[in-house]
Amino acid sequence: MLVVMKNVASAEEIEAVVGVIQEMGYDARPIPGGQRTAVGIIGNDGGIDAGRLQGLEGVLEVIPVTHPYKQVSREWQEEDTVVSLANGTSFGGSDIAVIAGPCAVESEPAILDIAHQLKEMGATVLRGGAFKPRTSPYSFQGLGLEGLKFLAKAREQTGLAIVAEALDPEGADLVAEYADIVQIGARNMQNYPLLRRAGRTGKPVLLKRGMSATIEEFLLAAEYVLAEGNPNVILCERGVRSFDTHTRNVLDLAAIPVVQSLSHLPMIADPSHGTGIRSMVTAMGRAAVAAGADGLIVEVHGDPPRALSDGAQSLYPDQFASLMVEIKVIAKAIARDVTAPLS
Ligand code: PEP
Ligand code: MN
């Protein structure tokens with residue numbers, strides 16, 4: 001961290017900054033320049049409170065020179081993290097893993113039916129919310145525990161791994177009892193008690209980027225899970241808010257290579273929430289794979305017009321089948337492959 005002093009800062013003010021840095025337990029090195037002095041902090045372990053220095057007399061700005069996150073960074077671990085599931089699916093290796101399913105689990109027959117279809121089409125992980133974070137409290141909130149049980153039954157019948165969202169810390173324990181992956185949604189990306197509890201479940205965590213989160217905030221959220229001793233985090237770009245109204249969100253495809261350069265964690269993309277519009281999901285799914293995503297999470301519903309949530313962005317099963325065929329070709333072009341279908 002570098003503390004840049006104002007050009008009018010006095011020698012006493014520089015001395016005071018040096019004193020505070022030393023009080024914090026670090027070495028301070030004043031670097032006199034032509035116009036102003038900067039004070040470098042040596043031995044910074046990432047835990048410095050910049051606010052304390054920012055408020056001192058004569059300080060112009062405090063500039064971080066290292067990332068505030070540690071364990072998620074490539075500096076901490078150079079090689080890619082591979083998150084492996086019991087059914088053989090892995091995220092972060094050379095294969096591209098595909099998660100598919102309805103936004104929400106709506107009934108036992110519906111989830112079992114779509115699970116069988118998705119397995120045939122080559123998905124290896126089934127999604128379906130049992131606890132839904134709906135924008136309106138009057139919208140369908142999910143089937144809760146019953147929904148988790150239906151998902152577990154779908155896994156039993158198909159071999160698909162299952163992922164479901166947890167909305168609160170107690171929910172994380174419950175979801176972890178049933179699911180192979182605990183999802184933390186965009187609205188909860190900075191829910192720190194939830195992140196910690198999900199981390200402590202020991203189950204892989206699928207962390208979706210908040211709709212207004214910077215990449216740094218996203219990686220710091222993942223850091224909470226790793227800080228609990230859980231290295232199995234799958235990051236997911238799901239679109240960010242924009243000024244344009246033609247899509248529900250703007251799928252930030254550049255975030256894929258950016259995150260992969262900064263972090264060793266696998267990074268997947270959600271073209272469903274990323275666009276909000278069925279006719280655009282396939283194009284963005286293809287693009288995400290081309291951009292280097294380690295996987296996709298796609299909403300697919302047996303009868304989208306009757307879906308209880310996110311029907312407008314849910315693919316029909318045959319559209320999903322085409323997407324699977326297309327991304328195999330794209331994967332090949334970049335020396336990757338799509339996870340082999342379950343037998
Ligand atoms: C979802 O996956 O259904 C969901 C609610 O996603 P997000 O948190 O990205 O909005
Ligand atoms: Mn949804």
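Keep in mind that the numbers below use all heavy atoms, side chains included, and drop hydrogens, waters and symmetry copies. Everything numeric here is computed off the predicted structure, so don't read it as measured data. Both ligands and their constituent atoms are indexed starting at 1 by order of listing.
Where the criterion is an N or O separation shorter than 3.5 Å, residue side chain and backbone included, Arg187 meets it with respect to ligand 1. Polar contact check, His273 against ligand 1: a nitrogen or oxygen pair lies under 3.5 Å apart.
When all heavy atoms of Val281 and Pro271 are compared, the pair lying nearest together is O-CB, 3.6 Å. Between Ala161 and Leu85, the closest heavy-atom pair is CB-CD1, 3.7 Å.
Within the listing of ligand 1, atoms 8 (O) sit less than 4.0 angstrom from a heavy atom of Gly185. The ligand atoms of ligand 1 that sit less than 4.0 angstrom from a heavy atom of Glu165 are 5 (C). Per-residue contacts place Ala186 under 4.0 angstrom from the following atoms of ligand 1 (heavy atoms of the residue considered): 7 (P), 8 (O), 9 (O). Of all the atoms in ligand 1, the ones that sit under 4.0 Å from a non-hydrogen atom of Cys103 are 3 (O). Near Arg238, the atoms of ligand 1 lying under 4.0 angstrom from a non-hydrogen atom of the residue are 7 (P), 9 (O), 10 (O). Annotation for ligand 1: atoms under 4.0 Å from non-hydrogen atoms of Gln183 are 1 (C), 2 (O).
Residue contacts with ligand 1 for Met211 are absent, since no atom lies close enough (heavy atoms, distance under 4.0 Å).
Ion pairing between Arg209 and Asp270 fails under the 4.0 Å rule for side-chain N and carboxylate O. Classification of Lys332 and Asp337 as a salt-bridged pair holds, one side-chain N sitting under 4.0 Å from a carboxylate O.
Within the 3.5 Å criterion, the main-chain N or O of Gln260 finds no donor-acceptor partner in the side chain of Ser263. Side-chain N or O atoms of Lys119 include one that pairs as donor or acceptor with a backbone N or O of Ser343 at under 3.5 Å. Although no hydrogens or angles enter the test, the distance criterion places a donor-acceptor pair under 3.5 Å between the side chain of Asp294 and the main chain of Met267.
Taking the Mn ion (ligand 2) as reference, the nearest N/O/S atom within Asp310 carries the name OD2.
Just one of Leu126, Leu206, Ile234 meets the side-chain contact (heavy atoms from CB on, under 4.5 Å) condition when paired with Val163; it is Leu206.
The shortest contact between atom 6 (O) of ligand 1 and any protein heavy atom is with Lys208 NZ, 2.9 Å.
Our summary of the site lists the angle at the Mn ion (ligand 2) between SG of Cys103 and OE2 of Glu299 as 100°, to the nearest 10 degrees.
In this structure, the side chains of Glu13 and Leu56 stay at 4.5 Å or more apart for every pair of heavy atoms.
Under the 4.0 angstrom criterion for non-hydrogen atoms, Arg209 is not in contact with ligand 1.
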